[in-house]
Every structure is written in C-alpha cells, then in structure tokens.
Amino acid sequence: MLTRQELSIKIGDRIKQLRKDRNISQAELGRMCERDKQHIELIENHKVSANTYTLYTIAIALNIELKELFDF
C-alpha cells in the first residue's frame, strides 16, 4: 500500500511523462484543464496532491482515460 506522499509522487511523475510525450508545456496543459502553470508545476513536483476533479480534467486534456494516470 502506498503512502499519500508516494501516490502523489507517482501521479505527478506520470502526468509529467504523459505531458512530455505529447510535447505539451505546463502552461499549455494548465490552459487545457483551466488551471495555471504553477498548479501543474506543483502537482508534477509533488508539492500538492491533485484532487479528483483536477485529475479528471488533466486526463481529458491529455486525451486519456482517468485510469491511465494510475498506470505506474
């Protein structure tokens, strides 16, 4: 079982990987899911945990199913 911090790290890393695979900047991803660049940066750098709705909007912006954010 993962701790809250470990889960946050894995999700942040996964979002960063998927974003970079698509050549999308943090600012672009933020705009696509109605968040600012700083919020995306904080999630990717494990400073904050994204809530469920934010993860949902990120998945939509990346054109993936929500469950794919948990493929790690």
Side-chain angles (χ1 to χ4, degrees):
M1 181 174 193
L2 297 172
T3 66
R4 183 176 293 188
Q5 181 65 25
E6 290 168 335
L7 182 60
S8 180
I9 290 168
K10 288 189 175 285
I11 290 173
D13 289 348
R14 180 74 172 142
I15 290 168
K16 184 185 287 187
Q17 172 197 9
L18 291 165
R19 178 181 60 75
K20 287 185 173 191
D21 288 349
R22 289 160 176 73
N23 295 314
I24 299 171
S25 70
Q26 289 176 335
E28 288 174 289
L29 181 58
R31 279 192 298 278
M32 294 166 73
C33 58
E34 299 180 349
R35 301 291 183 272
D36 58 23
K37 175 198 177 292
Q38 290 77 20
H39 192 75
I40 301 300
E41 182 179 5
L42 290 171
I43 293 168
E44 287 185 356
N45 291 318
H46 328 120
K47 304 294 184 192
V48 299
S49 296
N51 66 39
T52 306
Y53 188 74
T54 299
L55 292 175
Y56 171 74
T57 61
I58 290 171
I60 289 172
L62 294 172
N63 198 31
I64 62 170
E65 292 189 36
L66 180 59
K67 67 182 180 178
E68 291 180 64
L69 291 178
F70 299 91
D71 288 342
F72 37 77

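The minimum heavy-atom distance between Glu28 and Asn23, with the atom names listed, is OE1-O, 4.0 Å. Shortest non-hydrogen contact noted between Ile40 and Cys33 is CD1-SG, 4.0 Å. Minimum interatomic distance between Ala59 and Leu69 (heavy atoms only, all atoms of both residues): CB-CD1, 4.2 Å.
By the 4.5 Å heavy-atom criterion applied to side chains, His46 and Ile11 are not counted as neighbours. In this structure, the side chains of Glu68 and Leu62 stay at 4.5 Å or more apart for every pair of heavy atoms.
In this structure, the separation between OG on Ser49 and CD1 on Ile43 is 9.0 Å, given to the nearest 0.5 Å. Between the OG1 atom in Thr52 and the CG atom in Leu66 there is a gap of 8.0 Å [rounded to 0.5 Å]. A distance of 7.0 Å separates CG of Asn51 from CG of Leu55, quoted to the nearest 0.5 Å. Here the straight-line distance linking atom CG of Leu7 with atom CE of Met1 works out to 10.0 Å at 0.5 Å rounding. Atom CZ of Arg4 is separated from atom CD1 of Ile9 by 13.5 Å, given to the nearest 0.5 angstrom.
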Open item on the list: Working note: His39 + Thr54, criterion side chain to side chain contact (heavy atoms under 4.5 Å, CB included); need CA distance, chi angles, decisive distance, verdict.
Closed with: CA-CA 10 Å; His39 192 75; Thr54 299; 4.1 Å; yes

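Both Ile58 and Ile64 are members of a single hydrophobic cluster when ILVMFWY side chains are connected at heavy-atom separations under 4.5 Å. Note on Ile60 and Leu29: separate hydrophobic clusters, where clusters join Ile, Leu, Val, Met, Phe, Trp and Tyr whose side-chain heavy atoms are under 4.5 Å apart, directly or indirectly. Clustering ILVMFWY residues whenever any of their side-chain heavy atoms sit less than 4.5 angstrom apart, transitively, puts Leu18 in the very cluster that holds Leu42.
Arg14 places no side-chain N or O within donor-acceptor distance of the main-chain N or O of Phe72, the cut-off being under 3.5 Å. No donor-acceptor pair under 3.5 Å is formed between the side chain of Arg35 and the backbone N or O of Arg31.
By the 4.0 Å N-to-carboxylate-O rule, Lys37 lies close enough to Glu41 to be salt-bridged with it. Taking 4.0 Å as the cut-off between side-chain N and carboxylate O, Arg19 and Glu44 count as a salt-bridged pair.
A 6.0 Å sphere centred on CG of Asn63 holds no more than 12 heavy atoms belonging to other residues, nucleotides or ligands. Tyr56 OH: 12 or fewer foreign heavy atoms inside a 6.0 Å radius.
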